[in-house]
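Encoded as structure tokens, the structure appears first; notes follow it.
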Amino acid sequence: MKRTLRHTIGGKRFVFPPWDLLRGRDVFWDSILLTSELEDSMLQHWAPNCGTFSRARERLIPGAVFSPPPLRSDEFPRGIPEVIVSLPAPKRRKLELDTEMADMAASECLKTHLSGRYFSLENPKNSIARELDTWKALEGAEGVFSTEYHACMFEGSRRRKAQVLIHNYPPLERVGKLCDRSGLCSRTGKPHLSWRPRVVGGRVTSFATSEEREYPAGFCDCYASALEDLPEGPFVEIFSGKNALVSASLAKAWEVSLPKADKSLVDEKGEVVEFSETQRGKSVEPVRNGTLCE
């Protein structure tokens, strides 16, 4: 049975301020507020960091003398034990935080599903996060769909990036657009952009996946159009990125305002101190943001 939500404005839908460190909202430090908004939302969208869950590290990189080792595997989705012990403390904490956020996303989505409300959860199709018990429980629940798509099928992307949108709102299946050609794109008829990492002096300096952090504009518009018949009630996006493009597209479609971001918790060097560390009585370690997704 669908809930009647108290947070409606004049009977219209609206968008909560998106959650992301780059927008000044920390899911750990402000957990009480997050829980309140999740409980009041009609639909919530999650996109936890996929960097340490990427399979890109499993592949040999031409020209690289040293390639970053895999951090996780299907057998050890929470982290390969012998790799974990070799990591510096900040990188080990980053691995733990990514796991915690992935677990949080799947657990909250399942809770929302069982309450009769809606959710969506996005990650790369081959993300090792899907091997976590929390994600398996979510995808195995009755009434939950796993809709696959290629990013290149939407305006704004030219890479054949295989993604999955896990959700319980059937109209969202319209984002399931697949490119049936690995060479020339089915949408543009042009070659896909390369995934080859940048290698300088035998070292990997950057991955092409870092250029795919934001959703293509076409995907956001498609997502928003799928919600045209969504029952009235708030929408909230968690791990939205700096520009919160999904929230922005939905706010435009619903003709409502998108709340402005607070000051970012990430400095110009890409470093952030997680408030959750001091809250839990642990030493504060700077965590450098980074994305490695495929």
Separation of [Y] [atom2] from [X] [atom1] (nearest 0.5 Å):
| X | Y | atom1 | atom2 | value |
| --- | --- | --- | --- | --- |
| Leu165 | Ser146 | CG | OG | 9.0 Å |
| Arg23 | Ser264 | CZ | OG | 10.0 Å |
| Asp133 | Glu131 | CG | CD | 9.5 Å |
| Ile238 | Leu38 | CD1 | CG | 5.0 Å |
| Lys263 | Leu22 | NZ | CG | 13.5 Å |
| Lys242 | Glu214 | NZ | CD | 9.0 Å |

Query raised in the report: Can you tell me if CD on Glu255 sees more than 12 non-hydrogen neighbours from other groups inside 6.0 Å?
Result: no

Query - Glu155 CD: over 12 foreign heavy atoms closer than 6.0 Å - result: no

Please report the closest heavy-atom contact between [X] and [Y], naming both atoms and the distance.
| X | Y | value |
| --- | --- | --- |
| Val164 | Pro124 | CG1-O, 3.9 Å |
| Ser54 | Ile128 | O-CD1, 4.3 Å |
| Trp135 | Ala106 | CD1-CB, 3.4 Å |
| Leu43 | Ser120 | CD2-OG, 4.3 Å |

Are side-chain heavy atoms of [X] and [Y] found at a separation under 4.5 Å?
| X | Y | value |
| --- | --- | --- |
| Leu132 | Phe53 | yes |
| Pro77 | Arg72 | no |
| Phe219 | Pro216 | yes |
| Pro18 | Leu258 | yes |
| Arg130 | Lys136 | no |
| Leu230 | Trp254 | yes |
| Met104 | Val27 | yes |
| Lys125 | Tyr149 | no |

Look at the rings of [X] and [Y] and say which category their plane angle falls in: under 30° parallel, 30 to 60° tilted, over 60° perpendicular.
| X | Y | value |
| --- | --- | --- |
| His45 | Tyr215 | tilted |
| His113 | Phe119 | perpendicular |
| Phe14 | Phe16 | perpendicular |

Requested in this report: Apply ring pair (Phe, Tyr, Trp, His ring centres under 6.0 Å) to the pair Phe239 and Trp46, showing each step before the final yes or no.
Outcome: CA-CA 6 Å; Phe239 309 128; Trp46 296 75; 5.8 Å; yes

Short side-chain to backbone donor-acceptor contact, [X] and [Y], under 3.5 Å:
| X | Y | value |
| --- | --- | --- |
| Ser225 | Cys222 | yes |
| Ser249 | Val246 | no |
| Thr134 | Ser107 | no |
| His150 | Cys179 | yes |
| Asn168 | Arg117 | yes |
| Asp30 | Leu33 | no |
| Arg160 | Cys152 | no |
| His192 | Leu184 | no |
| Ser127 | Asn123 | no |

Is it the case that one hydrophobic cluster holds both [X] and [Y], taking links as side-chain heavy atoms less than 4.5 Å apart, direct or via other members?
| X | Y | result |
| --- | --- | --- |
| Leu21 | Leu245 | no |
| Leu34 | Leu110 | yes |
| Phe145 | Leu138 | no |
| Val144 | Leu114 | yes |
| Met42 | Leu172 | yes |

N-O pairing of [X] and [Y] below 4.0 Å:
| X | Y | result |
| --- | --- | --- |
| Arg25 | Glu237 | no |
| Asp98 | Arg93 | no |
| Arg78 | Asp103 | yes |
| Glu232 | Arg13 | no |

Can a donor-acceptor pair be found between the side chains of [X] and [Y] at a distance below 3.5 Å?
| X | Y | answer |
| --- | --- | --- |
| His167 | Thr147 | yes |
| Gln163 | Glu122 | yes |
| Arg159 | Ser194 | no |

Report task. Using the six-membered ring of Phe154, assess whether NZ or CZ of Arg187 lies under 6.0 Å from its centre and within 45 degrees of the ring axis. Result -> no

Query raised in the report: For Arg55 and Asp74, what are the C-alpha separation, side-chain angles and deciding distance, and is it a side chain to side chain contact (heavy atoms under 4.5 Å, CB included)?
Result: CA-CA 10 Å; Arg55 295 187 186 274; Asp74 289 349; 2.6 Å; yes

Report task. Walk me through it: do Leu227 and Tyr118 pass the test side chain to side chain contact (heavy atoms under 4.5 Å, CB included)? Result -> CA-CA 11 Å; Leu227 303 186; Tyr118 301 111; over 6 Å; no

**Report entry** Cluster companions of Val83 among Ile, Leu, Val, Met, Phe, Trp, Tyr (side-chain spacing under 4.5 Å)
**Finding:** Leu71, Phe76, Ile80, Ile84, Leu87, Leu95

Report task. Could you go through the side chain to side chain contact (heavy atoms under 4.5 Å, CB included) check for Asp40 and Glu37 one step at a time? Result -> CA-CA 5 Å; Asp40 285 345; Glu37 293 184 0; 5.8 Å; no

